[in-house]
Amino acid sequence: MATDVVVLGAGYAGVMAANRLLAAHPEVSVTVVAPRPVFVERVRLHQLAAGSGGATHDLADVLHPAAAVHLGTAVHIGRDRVLLADGTALPFRIAVYAVGSGAAAPAIPGADRLHSTAEFERALDTAAALGELQDGADVVIVGGGLTGVETAAEIAEAHPRLTCTLVGDPVAHLPGATRRFVAARLRRLGVRIRPGRVVAVEDDAVLLADGDAIPSELTIWAGGFTVPDLARRSGLPVDDAGRLRVDATLRSADGANVVGVGDAVTVDGQDHIRMSCQAALPLGAHGADTTWALLTGTDPQPLSLGFAAQCISLGRASGVVQRTRPDDTARSFALRGTLGAFGKETVVRGTVWMLRRQARGHSYPFPKGPAPTPEPLAARR
């Protein structure tokens, strides 16, 4: 007899989907394919790498007790079964695609020397490498986005004996007051900020496009994310980045019995949805509702997902909670400093709390998406 639902992945989106399904519909059988027996708080991996905090919970502590767990990795999704790397074939009526994302490898010389905080095992490797450095050693973090800024701040605070440089323009997409605050906080922690683009990584330096070389005994890449190629290898519809293409209800764009949630999907007509736990939880919840509709032969509803804030930790004592519009563009208001740190930590703890709460059957409301842009009058004629 086929398992009703196979959930591929046990991150924020996959756990939320499994918990919501089982809490509301205990008659459904759900198997979660997980790469490890722990749930990884992705948004704490910079802490794990810096040695300032942990980032895992036993999977059983966050997952609905009725969920079956199969430790492994999927290598192919067929019409009605998933093949795993260990040779197991799991039959399904609906597969939930929740395989997440990982660090993007840049196409530059020396990329194999790079460390990362974007994946659990690589964050552990980074922590070990940091611990082996001598006092005064140079560490370079590449990338001015949220991950790069959080990583640079965390390492500088946890390892003041090291010399940290951030290559990039910190949080360039946010309002000027927030950018200035972030830059000032980084400098207060001893982080050097160097605009530029890295074109090569050597054993003891990174090379920039302008010809300069910055000393580096350990280089951490925070320049973006990539997704597994499982959907592409399985012949499912994908975008240029390899993300599963899903319609407005989160069903695979080709009509297959696959529902996509989390970082590894792109939703038709909703380009504002970025890779984040803030999107993963609502995607997982809505994906569960769509899965139930497909199981029962009813019409699934379209997703409406909006954002509320962008949260940045700047070490353990400071941070930013930047309010946003539903389309994720920044508003003027932000909490900064100790209030920002408190807000960020509250949000991070709240994600795990929400997963556990959903497993117990409580409701999970989330902000609705931006209003559709009115069609031009000429187009309506």
Is the NZ or CZ atom of K344 both under 6.0 Å from the centre of the six-membered ring of F342 and within 45° of that ring's axis? no
Answer yes or no: is there a side-chain heavy-atom contact under 4.5 Å between V347 and C311? yes
Any non-hydrogen side-chain atom of P35 less than 4.5 Å from a side-chain atom of F120? no
L90 side chain near R81 side chain, heavy-atom distance below 4.5 Å: no
Can you classify the ring geometry of W292 versus H25 as parallel (below 30°), tilted (30 to 60°) or perpendicular (above 60°)? parallel
Atom CZ of R192 with >12 non-hydrogen neighbours under 6.0 angstrom: no
Here the gap from S318 atom OG to L189 atom CG, rounded to the nearest 0.5 Å, amounts to 8.0 Å
Tell me, please, which residues at least two apart from H76 pass side-chain contact (heavy atoms from CB on, under 4.5 Å). L83, S234
Q278 side chain to A309 backbone, donor-acceptor under 3.5 Å: yes
Would you say the side chain of V139 lies within less than 4.5 Å of the side chain of S216, judging by non-hydrogen atoms? no
H286 side chain to S304 backbone, donor-acceptor under 3.5 Å: no
Under 3.5 Å, is there a donor-acceptor pair between the T290 and T249 side chains? no
Cluster overlap V238 with L250, hydrophobic side-chain contacts below 4.5 Å: no
Does R233 come within less than 4.0 Å of D229, counting only side-chain N to carboxylate O? yes
Closest heavy-atom pair, L22 versus A66, reported as atoms and distance to 0.1 Å, is CD1-C, 3.9 Å
Test salt bridge (charged side-chain N to carboxylate O under 4.0 Å, His left out) on E202 and R113 and set out the steps. CA-CA 8 Å; E202 298 181 344; R113 298 185 175 96; over 6 Å; no
Pairing donors with acceptors under 3.5 angstrom, does anything connect the side chains of S313 and H46? yes
What do the steps show when you test Y12 against D263 for side-chain contact (heavy atoms from CB on, under 4.5 Å), and what is the final call? CA-CA 10 Å; Y12 296 103; D263 285 358; over 6 Å; no
Could you walk me through whether R44 and E345 satisfy the salt bridge (charged side-chain N to carboxylate O under 4.0 Å, His left out) test, starting with their C-alpha distance in whole Å, then the side-chain angles of each, then the deciding distance to 0.1 Å, before giving a yes or no? CA-CA 10 Å; R44 290 197 190 275; E345 182 64 21; 2.7 Å; yes
Check whether any side-chain heavy atom of V82 lies under 4.5 Å from a side-chain heavy atom of F92, and answer yes or no. yes
If we only count heavy atoms from C-beta on, is the L303 to I273 side-chain gap below 4.5 Å? yes
Could you tell me whether E157 and R188 make a salt bridge, using a distance below 4.0 angstrom between a side-chain N and a carboxylate O? no
H159 side chain vs A50 backbone, donor-acceptor pair below 3.5 Å: yes
Closer than 3.5 angstrom, by distance alone: can the side chain of T291 be matched with the main-chain N or O of G287 as a donor-acceptor pair? yes
Is it the case that one hydrophobic cluster holds both V5 and V265, taking links as side-chain heavy atoms less than 4.5 Å apart, direct or via other members? yes
Polar side chain donor-acceptor pair, R357 to N19, under 3.5 angstrom: no
Go through the steps to decide whether T117 and T126 satisfy the test side-chain hydrogen bond (donor to acceptor under 3.5 Å, both in side chains), and finish with yes or no. CA-CA 7 Å; T117 62; T126 300; over 6 Å; no
Taking atom types as modelled, is there a side-chain donor on R42 or S101 under 3.5 Å from an acceptor on the other? yes
Do Q47 and S52 get their side chains close enough for a donor-acceptor pair, meaning under 3.5 Å? no
Heavy-atom closest contact (G168 atom, I193 atom, distance): O-CG2, 3.8 Å
If you count heavy atoms of other groups shown closer than 6.0 angstrom to CZ of R161, is the number above 12? yes
How close do C277 and T351 get, counting heavy atoms only, and between which atoms? SG-CG2, 4.0 Å
Between Y97 and L244, is there a donor-acceptor pair closer than 3.5 Å when you use the side chain of the first and the backbone of the second? no
Side chains of H173 and Q310: do they bring a donor and an acceptor to under 3.5 Å? yes
Kindly check if the number of other-residue, nucleotide or ligand heavy atoms within 6.0 Å of CZ (R197) is above 12? no
With a 4.0 Å cut-off, would you call D169 and R179 a salt bridge? no
Using atom types as modelled and distance alone, determine if a side-chain donor or acceptor of S252 lies under 3.5 Å from a backbone N or O of G255. no
Are M16 and V6 in one and the same hydrophobic cluster, where Ile, Leu, Val, Met, Phe, Trp and Tyr link if side-chain heavy atoms are under 4.5 Å apart? yes
For D299, does the CG atom have more than 12 heavy-atom neighbours from other residues, nucleotides or ligands under 6.0 Å away? no
Is it true that a side-chain atom of R185 and a backbone atom of L314 form a donor plus acceptor pair closer than 3.5 Å? yes
Validation row: F39, T56 side chains within 4.5 angstrom (heavy atoms): no
Minimum heavy-atom separation for V261 to L283, with atom names? CG1-O, 3.1 Å
Between P195 and L208 the two heavy atoms that sit nearest each other are O-CD1, 4.4 Å
Flag yes if more than 12 heavy atoms outside E27 fall under 6.0 Å of its CD atom; otherwise flag no. yes
Separation of R336 CZ from I312 CD1 (nearest 0.5 Å): 10.0 Å
Worked verdict on L294 versus R251 for side-chain contact (heavy atoms from CB on, under 4.5 Å): CA-CA 9 Å; L294 296 176; R251 187 177 188 180; 3.6 Å; yes
Please check if the side chain of R93 supplies one atom and the backbone of L295 the other of a donor-acceptor pair under 3.5 Å. yes
A330 and L174 have their tightest heavy-atom pair at CB-CD2, 4.2 Å
Run R245 and D239 through salt bridge (charged side-chain N to carboxylate O under 4.0 Å, His left out) and show every step you take. CA-CA 6 Å; R245 290 177 45 239; D239 67 2; over 6 Å; no
Do I155 and L146 belong together in a cluster built from hydrophobic side chains that touch within less than 4.5 Å? yes
P326 and F307, any side-chain heavy atoms less than 4.5 Å apart: no
Applying salt bridge (charged side-chain N to carboxylate O under 4.0 Å, His left out) to R194 and D212, what does each step give before you reach the verdict? CA-CA 11 Å; R194 173 62 163 88; D212 280 358; 2.7 Å; yes
Main-chain N/O of D4 paired with S29 side-chain donor or acceptor, under 3.5 Å: yes
Taking L84's backbone N and O only, do any of them form a donor-acceptor pair with T88's side chain (distance below 3.5 Å, no angle check)? no
side-chain contact (heavy atoms from CB on, under 4.5 Å) evaluation trace for V227 with M275: CA-CA 10 Å; V227 299; M275 294 180 179; 3.7 Å; yes
Hey, what do you get for CZ (R36) to OG1 (T73), rounding to the nearest 0.5 Å? 8.5 Å
Before giving the answer on side-chain contact (heavy atoms from CB on, under 4.5 Å), spell out for T329 and T324 the whole-Å C-alpha distance, their side-chain angles and the decisive distance to 0.1 Å. CA-CA 5 Å; T329 56; T324 67; over 6 Å; no
